[in-house]
Amino acid sequence: MSGVSPRLGAFGEFGGRFAPELLTPALEELEAARRKVIPSPSFREELDREATEWVGRPTPLTTAPRFSDRAGLEIVFKREDLLHGGAHKANNVLGQALLARRMGKRRLIAETGAGQHGVATAMIAARFGMEAVIYMGARDMARQAPNVKRMELCGARVVAVELGAQTLKDAINEALRDWTRTLETTHYLLGTAAGPHPFPRLVRDFQAVIGREARRQWRERFGDLPDAVVACVGGGSNAIGIFHAFVGDPSVALIGVEPGGEGLDTGRHGATLVRGTPGLLHGARTMILQDDEGQILEPHSISAGLDYPGVGPEHAALQASGRARYVAATDEEALGAFEALCVDEGIVPAFEPSHALAFTLRAAGSGEIASGSRVLLNLCGRGDKDLETWFGLGRSPARAHR
Amino acid sequence: MSLPALRAAFDRPGVALSPFLVLGDPTPRLTVELAAAAVAGGADMLEIGFPYSDPVADGPEVQAAAQRAFAAGVSTRAGFRILAEVAAACPGIPLNLLVYGNLVHRIGYREFAAAATAAGASSLLAPDIPLEEGGPLRRACRRAGLGHVELAGPLTPPDRLRRLAEVSDFVYLAGFQGVTGVRRRGFAEVLDRTGAARAVLEGTGVPLCLGFGISTAGQVASAGAAGARIAVIGSHLARVIRRLYRGPEDAATLRAGFRAAVRDLNPEDEAC
């Protein structure tokens, strides 16, 4: 391991721009646009208008009395599952597509794991009359088939990536290769708060609306702040989106929940912050899953959206500074929490936030959070896309009933 | 071969032919034999890649070469052993390493550079560690007596190209905007870019290397005429290995075919 701090866009020892020189022109152009265009009043106005009428902002806070009772906590959900497209991804694609349009780019490319970011990209491309090409691992295409159809319905071309484990990491590699060829006409609409500078800041700033809204709503409704904010972490865009507004509130614990897969000791997981080591992946110095010779390991999670061997560099920095802490929930725990939320609250969550839900179900008992704590949980996506997988497991929701 | 030998190579006239091989492709032993075959076929230098799980700058042929190396059980540690054997089998031949940043970062910049020098490498290029982030790696290379090479592309502006040259023993120009791979069209533009880059580097004393998309002796010769001192042939030769390799028991066909493929790339032979 090298104790090497990045120079561009660093978050402490993490971040940077570790991308081939051939991408430098595109990354510099994007950084210039980020600084110049995003603060302009006309951009803010357009972003706010589209966020209201197309994305469906603001989303409500929803109390969850029966689920809270089960958990021994007071849990309130930020309902990003109610956004257009069914996940928080719409916040980011709207912002980046508006920026791309102002940069004169008419073609969007994107990677997708669970398909939520691919669907969101396909939808915004349709709305703005842009071309969309979505790279998706062949294995993910099989397990998230409904989302593939939704992308194609919206006019996007979905390219199957047959390399590696055929999941999110491989889709990002292919999208980066496409962008290297096409950057003069194409914007790479990266879906998570990872990648080379300026992507981690760009994506965070478009997702930070989640935490800004939630913090204001919580104060209006309860007059104070939550004890803890909890979100699932794959690449980490929904988590950084809800954490960001609370980073300056020292009384609020920030807790990210990573995919523990079949268990942290089985080696079949995607818990990069809990079990990873520092390295360079997809343009950033961050925590990654790698072997002792530097080859990237294949992660595992039942959730295609969390099945990634890296994580956004700002999370690595928040962990290193101690401001946020990161834990893991297994596939089995996530499935149990998925079923519990369905029967308790009539909400069908995606498998991704089911990991955050699973943590809250065990946290009071395990002492990871004090019993009775008031928790804001980012319910970042709805579970329609996961129903087929759940049905295929032959489980019964009855086991969730007390 | 050491860094001084790399510099000595630039004192000789003409364009240096530099075939690319991935350590362990298709087997550890055959990498060494193919390196020797390349030198017998007229190679002046060798580009040596470490296999990496996520080679974002590489197209399908070089990706497949890395997969063959993995299938032969080769990763970074075994790569260094093979590298030392290649250096021993190819005395006097400069070896430029192409290695993705995470492999270097994982071992440690200083440790990796020292091990590369000890194994006989002359210089190193990390395609995903660009100018701004490269300071610590460049210092590690200098400390180890290992040359350092920066990558430039078709869209790299002249002032940036000059800054790259200031920190490089030679500048590796990617002739095409994209990933590595053989191209059927567009080589005239590559030559224009090569000439323009050479003009920018004029007076710096830093040689220009051209890579990406070269697959014929005519292209090597015209790259030299346009001002390149090194021509790298990667995907074209990776494809030769993919097509000729039928297993370790039939290595003679591969060795002979590879040597012939390198010989066919020599500009002198073209003139005959």
Side-chain angles (χ1 to χ4, degrees), chain A residues 1-10 15-29 162-165 169-170 172-184 195-197 277-286 288-298 309-310, chain B residues 50-60 63-64 66-67 70 74-80 99-112 126-137 140 150-157 160 164 172-174 176-181 212:
Chain A
M1 207 274 279
S2 301
V4 173
S5 291
R7 290 201 43 217
L8 297 175
R17 183 186 288 163
F18 294 91
E21 174 66 19
L22 274 67
L23 282 174
T24 297
L27 294 168
E28 287 184 342
E29 182 187 16
E162 310 273 1
L163 304 162
K169 165 178 89 94
D170 312 292
I172 294 177
N173 289 339
E174 269 319 278
L176 285 168
R177 291 185 184 113
D178 178 314
W179 203 30
T180 308
R181 283 190 298 272
T182 60
L183 52 84
E184 289 176 283
H197 177 66
T277 47
L280 310 178
L281 179 63
H282 293 146
R285 183 172 194 272
T286 187
I288 64 175
L289 297 177
Q290 61 183 330
D291 69 17
D292 64 356
E293 303 190 55
Q295 308 294 349
I296 308 303
L297 297 174
E298 301 295 352
Chain B
F50 276 78
Y52 182 52
S53 54
D54 294 81
V56 293
D58 284 305
Q63 290 175 41
Q67 289 306 314
F70 287 137
V74 174
S75 182
T76 312
R77 265 195 294 273
F80 275 113
V99 50
Y100 281 90
N102 194 53
L103 300 180
V104 187
H105 183 276
R106 180 61 167 161
I107 308 289
Y109 290 176
R110 283 185 185 185
E111 294 79 358
F112 195 100
D128 53 349
I129 301 187
L131 180 66
E132 289 80 3
E133 305 289 2
L137 178 58
E150 292 278 355
L151 183 63
L155 301 173
T156 303
R160 186 172 173 88
L164 292 170
Y172 187 125
L173 175 68
F176 287 94
Q177 184 67 35
V179 294
T180 58
F212 288 33

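In what follows, chains are A, B, ... by sequence order, proteins preceding strands, each numbered from 1.
Chosen from Q177(B), E133(B), E150(B), the residue pairing most often with chain A at heavy-atom distances under 4.5 Å is E133(B). Ranking L155(B), V179(B), I129(B) against chain A, the residue ahead of the rest is L155(B), based on heavy-atom pairs under 4.5 Å. Between chain A and the residues A126(B), P55(B), G135(B), P154(B), the most heavy-atom pairs under 4.5 angstrom are made by P55(B). Of the listed residues (D291(A), D170(A), L281(A)), the greatest number of heavy-atom pairs within a distance under 4.5 Å of chain B belongs to D291(A).
Looking at every heavy atom in both residues, E21(A) comes nearest to L151(B) through CG-O, 3.1 Å. Closest heavy-atom contact between D58(B) and R177(A): O-NE, 2.9 Å. When all heavy atoms of L22(A) and A152(B) are compared, the closest pair comes out as CD1-O, 3.9 Å. Residue T76(B) comes nearest to Q295(A) through the heavy atom pair OG1-NE2, 4.1 Å, listed as atom of the first residue, atom of the second, then distance. When every heavy atom of R106(B) is checked against every heavy atom of G294(A), the shortest pair comes out as CG-N, 3.5 Å.
Contact annotation for E28(A): only side-chain heavy atoms (C-beta onward) come within less than 4.5 Å of a heavy atom of chain B. Proximity to chain A (any heavy atom under 4.5 Å) is restricted, for P136(B), to the side chain, taken from C-beta onward. Heavy atoms closer than 4.5 Å to chain B are found in both the backbone and the side chain of I296(A). Neither the backbone nor the side chain of D178(A) comes within contact range of chain B; no heavy atoms are under 4.5 Å apart. Interface remark: L137(B) contributes no atoms to any contact with chain A (heavy atom separation under 4.5 Å). Residue contact with chain B, scored on non-hydrogen atoms closer than 4.5 Å, involves the side chain of P25(A) exclusively. Contact annotation for L297(A): neither backbone nor side-chain heavy atoms come within less than 4.5 Å of a heavy atom of chain B. Residue contact with chain A, scored on non-hydrogen atoms closer than 4.5 Å, is absent for F50(B). Using a 4.5 Å cut-off between heavy atoms, F212(B) contacts chain A through its side chain alone, with no backbone atom that close.
Contacts of Y100(B) classified as ring pair (Phe, Tyr, Trp, His ring centres under 6.0 Å), with partners at least two apart in sequence or in another chain: Y52(B). Judged as a ring pair (Phe, Tyr, Trp, His ring centres under 6.0 Å), and not counting sequence neighbours, H197(A) has no contacts.
Under a 4.0 Å N-O distance rule, the pair E132(B)/R7(A) does not qualify as a salt bridge.
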Checklist line | Verdict with supporting geometry, K169(A) and D54(B), side chain to side chain contact (heavy atoms under 4.5 Å, CB included) | finding: CA-CA 8 Å; K169(A) 165 178 89 94; D54(B) 294 81; 2.9 Å; yes
Margin query: side chain to side chain contact (heavy atoms under 4.5 Å, CB included) for I288(A) and N102(B)? Distances and angles first, verdict last.
Written below: CA-CA 10 Å; I288(A) 64 175; N102(B) 194 53; 3.7 Å; yes
